[in-house]
Structures are given as C-alpha cells and as structure tokens.
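Each remark here refers to the structure printed beneath this line.
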Amino acid sequence: MKMSCLFALVILLFSYSLQAQDQQLIDSLTVLLEENQPTQEGSWDDTTRVKLLLSLSWELKFVNPDTAIILGQEALSLLSVLEGKESEEQSSSMEHALKKRVATANNNLAVFYWILADYPVSLSYHAKALSLRKQLKDRRGVAISLSNIASVYLYQGDYPKALEHYFAALEIDKELQLSKSAAQDMGNIGNLYRTQGDFANALKYFNLSLEMMKQSGSRYDVAQVLGNIGSVYAEQGDFPKALKNCFAALEVYEDLGEKMRIAIVNGNIGNIYNGQGDYMSALKYHFKALEIDRELGKRRSIIGHLGNIGAIYNIQEDYSKALKCHFEALNIAIELGIRQAQQSADANIGDVYFDQAEGVQSSQDTVGSDSLYARSLKHYKEALLIAKEIGSLTGIQRELGSLGRVYRRQAESSVGEAKIQKALYLDAEQHLQEALTVADSIGLLTSVKVWHLELSELYERTQRYDLALVHFRQYSVVKDSLFNEEKSKDIGKLEAQHDFAVAVAEQKRNEAAQAQQEAAAKSRRDNLQYSGILIFLVLVFAGVFGMAKISIPIRLAEGLIFFSFLLFFEFSLVLLDPYIDRYSSGAPAIKLGFNAILAGLIFPLHSFFEMQLKGRLIKSPAA
C-alpha cells in the first residue's frame, strides 16, 4: 500500500500576508537595529528597539526562523523590563501600547514556532497573546489569535478544536464588519473541511469566501480561493473543474507577476495530473514549480516540490530517483531545522524502501527484502520520534501503522525462526493497535479502516481467527460508513445537479413563454398599425381621385399623386422588409435589388393613375 507523500495539503491563511521577503528591508532594519542598542536601565527609549526587533524578526520568519525566534525573545525580554518599571512613569495610553506590543511579540513567537512545527510551544505563546488581547478588549486581535490557534490544531490533526476556533474568529470578524477578514476565515474553514474529506462543506465555504473576495476587488485573494476550489475538485476526482479553477488562478498570478504563488499553483496542477495518472504532465508542472522556488531561494517550498516529484518516481518504481529527491528534501529540512518537513521526508523515504522491499519480496529475495525493510524501519522510527516531539497526531498514527506493517512483513518472511517471528508479530500488533487508537481518537476514518484490515490479516496469519473476524467486521463497518458518506455526497451532488437542471429548464420555459407573449403582443401591434396605415392610404387615394370633381391645378394633382404613391412605396417596404431580410441575409446590394424591383412595379401604376387623374381634371371644366 502506497502512503500519501504530499508535503503540504493545506495553505493556511494567517493574519499577516505571507509575501516574498524583501531583502533590502531586512538589511535596512538590521542596520537600524545595530545603531539602536538597548539602554542599561531599560528606559522608554528602548521602545524603538522593540519595534525594530518585532519588525525584523517578522521579516526573517521564513528566511531564518531560528534567528527570528532569538530576536523575538529579545523583544519580549525588553518589554518585560519596561513592564516592570514604576507604574507612575507610565500613562494609561503608554501602558495600553506596551501590553499590545507584548501580545504582538507572543503572537509572532507562536508563528515562528509553528513554522518550525513545534506545535505545543506555538500554542503556549498563542494562549498568552490571546489572553492579553482579551484584557485589552482588542476584538480584531482576539480574532487573529483564534484563527492562528485553529491553524495549529489543524496541523496537529485536532479538527474539532480547529473548527471551534475558526468559527469563533469568523463571528468576531462578522461582528466587526471586516468582510475581507471574514472571507479569509471562511477560506480557513473550507480548508479544514477539505482536509477532513467533507467536500460539500469545503466548496460551500470556499464559494462564500470567493463571493466576498470578489466584492473586495482583490484579484490576488480571488485567485487564492480559486486555487483552493480547484484542490477540492481534484480530491473529488473532478479533474476538468480542478484544472479550470487552477489555470484561472495561475492566469491571475502570472498577470500580477506573483512568482511565489505561480510556483504554488504549478505544484497544485502537478498534483491534479498525478491524480489523473498523467505522470509526464505532473512532473512537468512540479519541475516548473521547483525551478521558480529555486530561483526565489524558497528552500521550504523546495522541500514540498521534491516530495511530490519523489512520490511520482516511487509510483513509477524508479526508486533511485525517488530516493534522491526525498534525501535532498530531508537534508534541506535538517539544515533549516523544520521538524515537520523532516518527519515528512523520513516517512517518504520509509515508503520508498518499503515499496522496494515488497517488490523484492515478491521475487523471493529474502536477504534483499530484509535489508530494505530494515532501512524502512529506520526512517519510520525517525519520523515517529519527530511526530511525537511536535505533537502531530496524524503523523504519530501514520508512522505507528507503517512500523506495524513492516514488522508484520518481516515476521511473514522469518519462516523457520519461530522465536523471532513471534516477537515481530507482537511488535506489529502493538504498533498497529496504537495506530488504530490514535486514528480513532481524531476521527481519521480512512486510516482506521486501513489499520483494522492490517490487524485482521495479522490475526489471521497468527491463527487467532476470532480477533481476525472482529477486526474484519470493524473494517467492513468503517468501509461501509465511508462508502455511504461518499454515496451520500454523490447523491447530494446529483440532487444539486438535478435541482440546477430543473431550475434551468423552468427558466427556459419562462423565457420562452415570455418571448411568445411579447411576439404575440408585437404581432397584434403591427397588425393594428398595418391596418391603420392601409386605411389611411385608401383614404388618401380616394381623396386624390375625388379631387377630379373640383378644379385644381395640374401641378398640384401631380404632387398629390406622387405623394400618395411614395407613401404606398414606403408602406410596401415596411411590410416586405422581414421577408427581404430573410432572403438577402442583410446584404445591402441584394436589399437594394429588391427595392429596385418594387419601385419598378410601382412606377407603371403611378404613370397609369396620373394619366387617369389628369384626363379627368382636363375634362372637368367642360362639363
């Protein structure tokens, strides 16, 4: 079984914009900080140094998080000294500003430790920042802290607590009428539902976020939500919609020149093609993303791209290239001190060795497979230690289960060594049971299903058929539950599609009925007008010929006849125009030809009636 080895599944929206670092700003802040040394007695002049420390540490958070922590700690120490000074030296406004900076310093340190994947320490600093912001009645600050705490819980795999804090942040931002912040909260909630596999709710909150972002006029934020929507469709297997949204986001980022985001979307597109089994296209886009981030020097992102590329090589059974990518990712993670990335790389390497061992085992090369299983164990154990250290429950259950799988395979290959085999089966059972307990505690049903099946097969191998049956039944229950959830989502999707189709059909019927009513009304209007014009023409001609009974000048009679036939000609054009248009397709030359024919037909009539009228007028005086 191949385990997922994507490094980054969720892009979190922290309160500060995660833009590419401006080296010039970092350099200028460094110079200013060197010029502004702390005073020995901790005077109010040190507030300038505190501001510089907070600003510089924030700019360094991705470039060098360890240095950012050192600077952040110094800022906190200086603030502690300033807080300890005599209260009479402080006005109420100065005291308020001081506490606000203490809250900011704690928040920043929490983010730095989050970047290093030290989640327990990160949570402790966030708790301090949240408490201070509540004391200060800083509602926006409270919302920021709640959102950041939720993000840490999300990375730990504690989804209920993460959701609770995200919704709390959303309520405050709605109350404060901060539409953009509320849209970001909705995006975070959408990410959480996506991580849980609840795609219906994920799309619901992403679309709500998208509408609010469109109203804000920020193309950058709109593109970010489009990318998230694309990721949901990809996980649903709707690859055309996934690519459509991701390419739409990519177009915006390319237009804005946002290279960092271009790299992220290229990586997401690579993952979509990977999901389709189009490994050539997947590698193409992953390498594009890797090239951009190498150019930008974003080593943290490089780790993720290498992990994705290594995963594809592993699927293709090109194990040497897969290991090369994963080991490069591991070395960068160790160098940068990013523990979560190190855990992911170790787990990925363990997967490659495990899959390689499975292939060798099938060829009955026991010695070769034992060596590869041993290497796999080594890296899974390293990953487990880190997962426990940083408090990642998802990582802990994964690595425990992976170790259990390896011990079971080793036991199965230890034929004739009963004592060793028994010990390995015990190790496998213990690790799989622990993995199951952790996965069950955080609601990872997909993993629960896998570990139940592994235990069922293990008990069957060790002839404990009653336990094998118990776990197989549990496996079936979870499998059916997941199947039913998927079916429910599919049914919901079909119902939504049906409702949409019904609504579209109803709209078309309404539009057709309205068009028919308008056409009938137009026809009635035209017929009435045509009838009126025709009656008017008859009266005109009758009036002209009636003038033969009175004496009028010949020139006036000619004018009246010309005017009458001119009206008749124009009426004929109006009447015949739709038919002329149909046959001429609007071509001016053809329409002119039809008009000429009509004029040619009317001309003899005009001449005949003119002669008749003139004859009557000439005879009229003699009578």
Side-chain angles (χ1 to χ4, degrees), residues 8 11-38 45-79 82 97-98 100-118 121-122 125-126 128-129 133 140-141 144-145 147-148 151-152 180-181 184 218 220-221 224 253 256-264 292-304 332-333 335-341:
I11 301 167
L12 298 175
L13 302 173
F14 275 96
S15 58
Y16 297 85
S17 177
L18 306 182
Q19 303 293 323
Q21 305 300 321
D22 187 340
Q23 189 58 46
Q24 288 185 343
L25 177 60
I26 291 172
D27 292 341
S28 63
L29 286 170
T30 303
V31 170
L32 288 171
L33 190 64
E34 289 173 353
E35 291 174 353
N36 194 296
Q37 294 299 318
D45 294 334
D46 284 337
T47 54
T48 302
R49 183 171 177 83
V50 168
K51 290 178 187 177
L52 290 170
L53 286 166
L54 292 175
S55 299
L56 181 56
S57 63
W58 189 255
E59 293 300 324
L60 286 170
K61 62 184 179 295
F62 290 117
V63 178
N64 193 333
D66 290 319
T67 302
I69 287 172
I70 293 170
L71 296 174
Q73 292 285 11
E74 184 185 341
L76 203 56
S77 297
L78 274 174
L79 286 165
L82 293 172
L98 187 62
K100 199 166 185 178
R101 288 199 185 97
V102 173
T104 300
N106 278 289
N107 178 81
N108 289 3
L109 282 164
V111 173
F112 304 155
Y113 279 107
W114 170 81
I115 292 168
L116 292 176
D118 193 340
V121 175
S122 178
Y125 278 107
H126 274 315
K128 292 174 185 176
R133 284 167 171 171
R140 177 59 191 141
I144 290 171
S145 288
S147 181
N148 287 345
S151 298
V152 179
K180 188 172 179 180
S181 298
Q184 288 177 335
S218 171
Y220 179 91
D221 291 319
Q224 194 169 36
Y253 289 136
L256 296 174
E258 291 284 350
K259 283 193 170 184
M260 184 178 76
R261 303 300 305 184
I262 291 170
I264 290 171
I292 293 169
D293 278 329
R294 285 196 193 278
E295 178 190 333
L296 295 174
K298 294 189 67 59
R299 302 183 74 198
R300 183 185 177 91
S301 298
I302 288 169
I303 296 170
I332 296 171
E335 188 178 336
L336 295 179
I338 305 174
R339 301 293 280 161
Q340 186 191 29

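FYI, side chains are in, hydrogens and waters are out, and symmetry mates aren't considered; it's all heavy atoms of this structure. As the structure is a computational prediction, the values presented were derived from the model and not from experiment.
- Under the side-chain contact (heavy atoms from CB on, under 4.5 Å) criterion, Leu116 pairs with Pro65, Asp66, Ile69, not counting sequence neighbours.
- Classification of the Tyr253-Tyr220 ring pair by plane angle, with boundaries at 30° and 60°, yields perpendicular.
- Taking CG of Leu60 as the reference point, atom OG of Ser55 lies at 11.0 Å (rounded to 0.5 Å).
- The NZ atom of Lys51 sits 16.0 Å away from the CG atom of Leu56 when rounded to the nearest 0.5 Å.
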Exercise for the section: For side-chain contact (heavy atoms from CB on, under 4.5 Å), just list the numbers for Ser181 and Arg140, CA-CA rounded to whole Å, side-chain angles, deciding distance to a tenth of an Å, and then say yes or no. Expected result: CA-CA 9 Å; Ser181 298; Arg140 177 59 191 141; 3.2 Å; yes

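- Separation of atoms CG (Leu79) and NZ (Lys100) is listed at 14.0 Å; rounding is to 0.5 Å.
- Contact between Asp293 and Ile302 at its shortest, heavy atoms only, is O-CD1, 3.8 Å.
- Side-chain atoms of Lys61 come within 3.5 Å of backbone N or O of Trp58 as a donor-acceptor pair.
- For the pair Arg101 (side chain) and Leu54 (backbone), a donor-acceptor distance under 3.5 Å is absent.
- In terms of heavy atoms, Asn106 sits closest to Lys128 at OD1-CD, 3.5 Å.
- Contact between Ala110 and Tyr125 at its shortest, heavy atoms only, is CB-CB, 3.6 Å.
- Paired with Tyr113 under the rule side chain to side chain contact (heavy atoms under 4.5 Å, CB included), one option of Val121, Val152, Asn108 passes, and it is Val121.
- In this structure, Val50 and Ala75 approach most closely via the heavy-atom pair CG2-O, 4.3 Å.
- Considering every non-hydrogen atom in both Ile115 and Ile338, the closest pair reads O-CG2, 3.7 Å.
- A donor-acceptor distance shorter than 3.5 angstrom exists from the side chain of Ser77 to the backbone of Gln73, with no hydrogens or angles considered.
- Going from atom OG1 of Thr67 over to atom CZ of Phe112 covers 10.5 Å, rounded to the nearest 0.5 Å.
- With hydrogens and angles disregarded, no donor-acceptor distance shorter than 3.5 Å links the side chain of Asn107 to the backbone of Ala103.
- To the nearest 0.5 Å, the span separating CD on Glu59 from CG on Asn64 amounts to 13.5 Å.
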Practice task
I would like to know whether Gln224 and Asp221 meet side-chain contact (heavy atoms from CB on, under 4.5 Å); could you show each step before the answer?
Solution key: CA-CA 5 Å; Gln224 194 169 36; Asp221 291 319; 4.0 Å; yes

Practice task
Start with the C-alpha distance between Arg133 and Thr104, add both sets of side-chain angles, then the distance that settles side-chain contact (heavy atoms from CB on, under 4.5 Å), and finish with yes or no.
Solution key: CA-CA 9 Å; Arg133 284 167 171 171; Thr104 300; 4.3 Å; yes

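- Contact between Arg300 and Leu336 at its shortest, heavy atoms only, is N-CD1, 4.0 Å.
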